Q: 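Quick one: structure below, then a few questions.
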Amino acid sequence: QVQLVESGGGLVQAGGSLRLSCAASGRTFSYYAMGWFRQAPGKEREIVAAIRWSAAGTYYADSVKGRFTISRDNAKNTVYLQMNSLKPEDTAVYYCAAALSVTYPLRAVRYDYWGQGTQVTVSS
């Protein structure tokens, strides 16, 4: 079992920044690929970014490329999502997820564990 707890969400004006953190406990964190997903009201959950267990590879959705950065610190069992130049359309509940996988899955169904989510609201 892996427990994931997100933090860092909040209300920010357009153009601002937030840094989300996801703290993991339980099984060896470094074995897991990690992903950040988001879900806006009335929309499906979508992947935002993902990172391999070794941090040697990352993925970004086109909508956040150049604005968001995913990183991880395996010594601290934590994955981060730095979000810059935020837009109102980034408003959603953000979830971190863990997948026991060498590569980073892009589909939510491939992830084994999920956090409870943290709300990000970007005002215009």
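Computed over heavy atoms, backbone and side chain alike; hydrogens, waters and symmetry mates excluded. In this text the structure is predicted, and so the values were computed from the model without any measurement.
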Q: Would you give the length of the straight line joining atom CG of N84 to atom CZ of R19, rounded to the nearest 0.5 angstrom?
A: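 These two atoms lie 11.0 Å from each other.
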Q: Determine yes or no for a side-chain-to-main-chain donor-acceptor pair under 3.5 angstrom, with R38 supplying the side chain and T91 the backbone.
A: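 Answer holds: no.
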Q: Applying the 4.5 Å side-chain criterion to the ILVMFWY set and letting contacts propagate, would L4 and V93 be lumped into a single cluster?
A: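 They do not share one cluster, since no chain of ILVMFWY contacts under 4.5 Å joins L4 to V93.
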Q: Between S30 and W53, which heavy-atom pair has the shortest distance, and what is it?
A: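 Closest heavy-atom pair between S30 and W53: O-CB, 3.1 Å.
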Q: Measure the OH-CG distance between Y80 and D73 for me, rounded to the nearest 0.5 Å.
A: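 Atom-to-atom, Y80:OH and D73:CG are 5.0 Å apart.
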Q: Group every Ile, Leu, Val, Met, Phe, Trp and Tyr by side-chain heavy-atom contacts under 4.5 Å, then state whether W36 and L106 land in the same group.
A: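 Result: no, two separate clusters.
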Q: Looking at every heavy atom in both V12 and G16, which two are closest together, and how far apart are they?
A: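 Distance-wise, the nearest heavy atoms are CG2-CA, 3.8 Å.
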Q: If you take all heavy atoms of L86 and L18, which pair is closest and at what distance?
A: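 Closest pair (atom of L86, atom of L18, distance): CD1-N, 3.8 Å.
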Q: Return the minimal non-hydrogen interatomic distance between A50 and Y111, and the atom names on each side.
A: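 Heavy atoms only, the tightest pair is CB-OH, 3.8 Å.
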Q: Linking I/L/V/M/F/W/Y whenever their side-chain heavy atoms sit closer than 4.5 Å, directly or via other members, would Y31 and V2 fall into one cluster?
A: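 Yes, Y31 and V2 fall within the same hydrophobic cluster.
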Q: Any side-chain to backbone donor/acceptor pair from R72 onto F29? Under 3.5 Å, distance only.
A: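 Confirmed, R72 side chain pairs with F29 backbone.
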Q: Any side-chain heavy atom of Y59 within less than 4.5 Å of one from I47?
A: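 Of all side-chain heavy-atom pairs linking I47 with Y59, at least one is under 4.5 Å.
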Q: Pick from V120, V48, T69: which one makes a side chain to side chain contact (heavy atoms under 4.5 Å, CB included) with M83?
A: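 Running side chain to side chain contact (heavy atoms under 4.5 Å, CB included) over V120, V48, T69 with M83 returns exactly one hit, V120.
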Q: For the pair T78 (side chain) and K76 (backbone), establish whether a donor and an acceptor sit closer than 3.5 Å, ignoring hydrogens and angles.
A: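 Yes.
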Q: Check the pair K87, D90 against salt bridge (charged side-chain N to carboxylate O under 4.0 Å, His left out), reporting the backbone distance first and the verdict last.
A: CA-CA 5 Å; K87 304 175 181 180; D90 294 318; over 6 Å; no
Q: Please verify the inter-ring angle class for Y94 with F68; under 30° counts as parallel, over 60° as perpendicular, anything in between as tilted.
A: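 The rings of Y94 and F68 sit tilted, inter-plane angle from 30° to 60°.
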Q: Main chain of Y104, side chain of R110: is a donor-acceptor contact present, judged purely on distance under 3.5 Å?
A: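 Not at all, since once roles are kept as given, no pair shorter than 3.5 Å links the two residues.
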Q: Where is the tightest heavy-atom contact between V79 and S71, given as atom of each residue plus distance?
A: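 Nearest heavy atoms, V79 then S71: CG2-O, 3.1 Å.
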Q: Rounded to the nearest 0.5 Å, what separation is found between the CZ atom of R52 and the CD1 atom of I70?
A: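 Going from CZ on R52 over to CD1 on I70, the span is 13.5 Å.
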Q: Tell me the closest heavy-atom pair linking Q119 and A92, and the distance in Å.
A: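 Closest pair (atom of Q119, atom of A92, distance): NE2-O, 3.4 Å.
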Q: Please check if the side chain of R67 supplies one atom and the backbone of S85 the other of a donor-acceptor pair under 3.5 Å.
A: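 Flag set: sc R67 to bb S85 pair under 3.5 Å.
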Q: Quick check: is Y60 connected to M34 through a chain of hydrophobic side chains (ILVMFWY, heavy atoms under 4.5 Å apart)?
A: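 Yes, M34 connects to Y60 through the hydrophobic network.
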Q: Between E6 and C22, is there a donor-acceptor pair closer than 3.5 Å when you use the side chain of the first and the backbone of the second?
A: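 The answer is no, because no donor-acceptor pair under 3.5 Å joins these two groups.
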Q: Any link between L100 and I51 through a network of hydrophobic side chains (Ile, Leu, Val, Met, Phe, Trp, Tyr) touching at under 4.5 Å?
A: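 Cluster IDs for L100 and I51 match.
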